[in-house]
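Below, chains carry the letters A, B, ... as their sequence lines are ordered, and counting in each starts from 1.
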Amino acid sequence: MAVLNFVEAVRETLRQEMRRDRDVWVVGEDVGKKGGVFGATLGLFDEFGGERVQDSPLTESAIVGVGIGAALYGTKPVCEIQFADFIFPAFNQIISEAAKMRYRSNSAWTVPMVIRAPFGGGVHGGLYHSQSVEQYFTNTAGLKVVVPSTPYDVKGLLAAAVRDPDPVLFFEHKGLYRAIKGEVPESDYVIPIGKADMKRDGSDITVITYGKTVHFCLEAAAQLEKEGYSALVLDLRTLLPLDREAIVTAARKTGKVLIVHEAGKTHGIGAEVSAIIAEECLFDLDAPVQRLCGPDVPAMPYAGPMEKFFMLSPEKCLEAMRNLARF
Amino acid sequence: MTANTQARHEALGLSREQLLEMFSYMLLTRRVDERLWLLQRGGKIPFVISPQGAEAAQVGAAYAFRRDHDWFTPYYRDLGINLVAGVTPREIMLGAFARSDCPASGGKQMPSHWGNRPHNVLSGSSPVTTQLLHAVGIGQAARMRGDDVVVYTCCGEGSSNQGDFHEALNWAGVHKLPVIFLIQNNQYAISVPLEKQVAGGSVANRGQGYGMPGIEVDGTDVLAVYEAFRAAHERARRGEGPTLIEAKCIRITSHSSDDDQRRYRDPAELEALKAKDPLVKARGYLLEHGLIDEAGLEAMEKKIMAMIDEATEFAEAQPYAKPEFALTHVYAPEQREG
């Protein structure tokens with residue numbers, strides 16, 4: 001068992017999958033000799049060569065569009081978008097093509113590809129290196145959207161994504177890349193896409209979250225324990241399709257639910273999760289469903305104090321969790 | 001006959017039989033489309049978008065490719081490409097009537113959104129030019145696998161302004177991929193004429209900027225198109241990379257059955273199109289060189305019309321998919337462990 005940080009887990013999983021299957025290849029901006037701007041492909045160029053670890057021109061629509069063509073032919077491209085903020089030129093290819101190919105051809109044509117992109121803020125990235133983009137894609141059936149929170153989950157979910165027969169968007173919170181370490185088995189394992197994970201059991205309140213805020217909520221839960229309240233933390237891990245059963249089970253267990261995400265509140269993932277709870281178990285609730293989210297402004301500002309104001313934190317999570325526990 | 005008076009098709013190595021087959025595909029393309037208009041105007045089908053005026057460009061291009069071996073990512077007017085690739089008039093009619101057995105989409109998509117897996121014809125969408133990038137990806141993957149495959153892709157001159165056009169040409173040029181880009185320049189993007197669409201007036205010239213030959217060819221001359229494509233296909237197979245071919249075509253019909261081009265095209269301009277009709281030209285060539293006579297042409301017409309009648313009746317009699325079919329093929333069926 002090796003201890004890896006988050007981005008090392010990405011890299012080692014890509015290495016494992018490329019060794020396992022000659023059809024798996026990586027393409028994106030600066031993924032070759034440089035190894036990616038975050039080092040997610042460091043060393044892969046030396047092992048697999050420039051064709052399978054391919055530097056693309058600076059063209060996001062092409063990274064995805066070429067990836068779609070290559071997937072249609074039968075290879076397994078793992079496309080890297082350097083920052084999730086730059087995925088929008090590829091939006092048409094993802095929504096109009098990748099998501100609809102199986103549906104419109106009745107599975108005659110399919111797109112088994114992965115699109116990886118670092119997202120999220122708190123790294124002094126300003127408006128265009130900090131955004132959370134997952135909610136733009138979770139409204140589109142035909143896609144799968146995965147957001148891991150730990151190195152262990154990265155490996156199991158990225159391996160699952162590479163082997164998945166449908167297009168998978170794999171969003172990695174860049175604030176976790178070097179901040180989070182964990183044990184990652186060297187053996188080959190897969191975590192099923194579409195399954196949430198209870199990261200902490202509890203009996204007083206339920207917190208439903210994903211990505212970096214999983215760690216904020218776990219830290220807050222440890223503090224809350226000292227104050228006499230027990231919090232269950234459910235990590236969604238996959239945002240499309242959502243694990244409805246796990247959401248409802250977790251909500252029923254405590255009857256008090258807080259949903260936490262860094263992305264803005266309006267039309268965010270929390271809205272869907274809370275609608276599922278309202279549909280399935282409203283009468284098991286002891287308090288209104290709460291949401292703690294990023295503010296509804298266009299993007300995250302650059303200057304330190306404004307960025308800190310925008311970002312969630314263990315303290316903000318603790319306050320919201322405490323308020324709910326006391327309700 | 002001496003070499004310098006050799007007929008053009010002979011100089012290209014095409015036999016009389018091959019040339020007649022090419023002409024019959026052009027005629028089939030025209031007659032299928034004319035039938036679709038009749039069905040649309042008669043209220044039997046909701047929509048038509050037409051290849052009329054581009055039959056020579058499509059058939060000439062498709063003939064340079066190897067059926068069931070090379071790949072096609074066509075655009076919506078490419079009826080002729082589909083027919084030469086092996087898609088049958090029955091299958092085209094099933095698409096027009098949106099019937100369950102339509103191999104492209106089973107009625108989910110509008111007509112002319114092609115797709116035929118057995119013949120390597122990729123499924124297409126309505127946003128224009130996306131398929132150029134798919135062609136590049138197919139070329140890239142084929143090369144990675146070591147396969148000798150050439151990819152056909154196509155769009156109109158209006159689409160040559162889309163970002164995906166430029167991204168596709170650039171990527172194919174950087175990696176010298178075996179892709180042939182056809183621009184069917186019919187002078188109009190719906191109602192907007194070439195001079196308001198394409199700065200410089202030439203799409204072919206754009207090839208130079210992406211490290212590939214940009215060739216302009218008379219898109220109403222089937223032999224000229226075939227010649228350009230055959231050279232581009234050989235170049236691709238030699239590993240020398242992509243080619244951009246701009247075929248100067250005409251658009252005989254309105255943009256689609258929802259458009260009326262008399263609102264924006266001069267009557268004299270429309271009248272002048274008759275002299276440029278690729279079918280009239282090809283027919284003239286065949287007669288001039290004694291490759292067929294009037295009786296032979298009439299027999300060909302009859303055969304084609306019988307095929308279209310049969311295909312129309314067959315397709316109309318087929319059922320729609322069940323309404324709940326709308327819920328199918330969103331994701332792969334769940335795979336079970338073990």
- Task: Look only at the side chain of A:Arg102 and the backbone of B:His329, and say whether a donor-acceptor pair between them is shorter than 3.5 Å.
- Result: no
- Note on the structure: Turns out that what part of B:Val121 lies under 4.5 Å from chain A's heavy atoms comes down to backbone
- Select, from B:Gly115, B:Ser125, B:Pro127, the one with the greatest count of heavy-atom pairs under 4.5 Å involving chain A. B:Ser125
- Are A:Arg104 and B:Ser105 close enough that a side-chain donor and a side-chain acceptor fall under 3.5 Å? no
- Message: Please check if the number of heavy atoms outside A:Glu47 that lie under 6.0 Å from its CD is greater than 12.
- Response: yes
- Query: Is it true that atom CG of B:Asp148 has more than 12 heavy atoms of other residues, nucleotides or ligands lying nearer than 6.0 Å?
  - Reply: yes
- Query: In terms of heavy-atom contacts, does OH of A:Tyr128 have more than 12 from other residues, nucleotides or ligands at under 6.0 Å?
  - Reply: no
- A:Val64, A:Leu143, A:Thr110: which one forms the most heavy-atom pairs within less than 4.5 Å of chain B? A:Leu143
- Please look at A:Glu51 and chain B and tell me whether the side chain, the backbone, both or neither of the residue comes under 4.5 angstrom of a heavy atom of that chain. both
- Note on the structure: Counting heavy-atom pairs under 4.5 angstrom with chain B, the leader among A:Asp166, A:Ile68, A:Val66 is A:Val66
- Let me know if B:Ala104 has heavy atoms under 4.5 Å from chain A in its side chain, its backbone, both or neither. backbone
- Proximity of residues 69-81 of chain B to chain A, residues having a non-hydrogen atom under 4.5 angstrom: B:Trp71
- Message: How long is the straight-line distance from OG of A:Ser61 back to CD of B:Gln162, given to the nearest 0.5 Å?
- Response: 9.5 Å
- Message: Using a 4.5 angstrom heavy-atom cutoff, name the option from B:Leu122, B:Asn116, B:Asn120, B:Thr328 with the most pairs to chain A.
- Response: B:Leu122
- Message: Evaluate B:Asp164 against A:Gln93 for side-chain contact (heavy atoms from CB on, under 4.5 Å), listing each step before the verdict.
- Response: CA-CA 9 Å; B:Asp164 279 0; A:Gln93 286 287 347; 3.0 Å; yes
- Minimum heavy-atom separation for A:Thr75 to B:Arg145, with atom names? N-NH2, 3.9 Å
- Query: When you look at B:Met144 and A:Tyr73, which way does the side-chain contact (heavy atoms from CB on, under 4.5 Å) test go after all the steps?
  - Reply: CA-CA 11 Å; B:Met144 287 171 75; A:Tyr73 194 80; over 6 Å; no
- Note on the structure: Bottom line for B:Ala142: the part with an atom under 4.5 Å from chain A's heavy atoms is both
- Note on the structure: Of all heavy-atom pairs linking B:Ala326 and A:Tyr103, the shortest is O-OH, 2.7 Å
- Heavy-atom pair with the smallest gap, counting every atom of A:Ala62 and B:Glu167: N-OE1, 2.7 Å
- Item | Top contributor to chain B contacts, counting heavy-atom pairs under 4.5 Å, from A:Val27, A:Leu58, A:Asp23 | A:Asp23
- In terms of heavy-atom contacts, A:Pro57 and B:Asn170 come closest through CB-ND2, 3.7 Å
- Query: Of the backbone (N, CA, C, O) and the side chain (C-beta and beyond), which part of A:Ile63 lies under 4.5 Å from a heavy atom of chain B, both, or neither?
  - Reply: both
- Side chain, backbone, both or neither: which part of A:Asn92 has a heavy atom under 4.5 Å from chain B? side chain
- Query: Which atoms form the tightest heavy-atom contact between A:Asp55 and B:His175, and what is the distance?
  - Reply: O-NE2, 4.5 Å
- Contact leader toward chain A among B:Val174, B:Leu133, B:Asp147, B:Val136, where contacts are heavy-atom pairs under 4.5 Å: B:Leu133
- So with a 6.0 Å cut-off around CZ of A:Arg22, is the heavy-atom count from everything else above 12? no
- Query: At a heavy-atom separation under 4.5 Å, does B:Val151 approach chain A through its side chain, its backbone, both, or neither?
  - Reply: neither
- Enclosure of B:Glu240 CD (heavy-atom neighbours >12, cutoff 6.0 Å): yes
- Message: B:Gln140 vs A:Trp25, test: side-chain contact (heavy atoms from CB on, under 4.5 Å). Steps then yes/no.
- Response: CA-CA 11 Å; B:Gln140 181 95 60; A:Trp25 60 294; 3.9 Å; yes
- Query: For the atom pair OG (A:Ser107) and OH (B:Tyr331), what is the distance rounded to the nearest 0.5 Å?
  - Reply: 13.0 Å
- Heavy-atom closest pair, residues B:Ile138 and A:Gly69: CG1-O, 3.4 Å
